[in-house]
Amino acid sequence: MAEMVRVNTRISKNLNDWLDEQTEETGLPKSTQIMLAIENYQQQKQAKGQLTELSILIEKMQGLTEKIKE
C-alpha cells in the first residue's frame, strides 16, 4: 500500500453537504470519498494522455500505409 499523507483543504458548504449525504448512503468516510475522487481524476488524466499518444501513433501508421500504397 502506498504511504498515506494528510492534506488539508477547504471546500464549499454545498460540496460538504453532498459529501455528508454520500457518507450516509455509502458508509464511506469523507476522506475515503475524496481520495477515490482524486484517484479517479488522476486515472482520467492518464488515460487522456495515453489516448493522445495513441492518436499520434495512428496518424503515423496511416501515413506509412499511404506511402506503402504509393
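Within the 4.5 Å cutoff, the side chain of V7 has no heavy atoms near those of the I34 side chain. Counting heavy atoms from C-beta outward, E25 and Q22 have side chains that approach closer than 4.5 Å.
Here CE of M61 is found 14.0 Å from CD1 of I56. Values are rounded to the nearest 0.5 Å. Rounded to the nearest 0.5 angstrom, L64 CG and I68 CD1 are separated by 6.0 Å. Annotation: the span from L57 atom CG to E59 atom CD amounts to 9.5 Å, rounded to 0.5 Å.
Evaluation of the side chain to side chain donor-acceptor pair (under 3.5 Å) rule for K13 yields D17 as partners, not counting sequence neighbours. For Q33, the side chain to side chain donor-acceptor pair (under 3.5 Å) partners at least two apart in sequence or on another chain are T23.
In terms of hydrophobic clustering, with Ile, Leu, Val, Met, Phe, Trp and Tyr side chains grouped at heavy-atom distances under 4.5 Å, I38 and L19 are assigned to a common cluster.
A side chain to side chain contact (heavy atoms under 4.5 Å, CB included) with Q42 is found for exactly one of Q46, Q44, K45, namely Q46.
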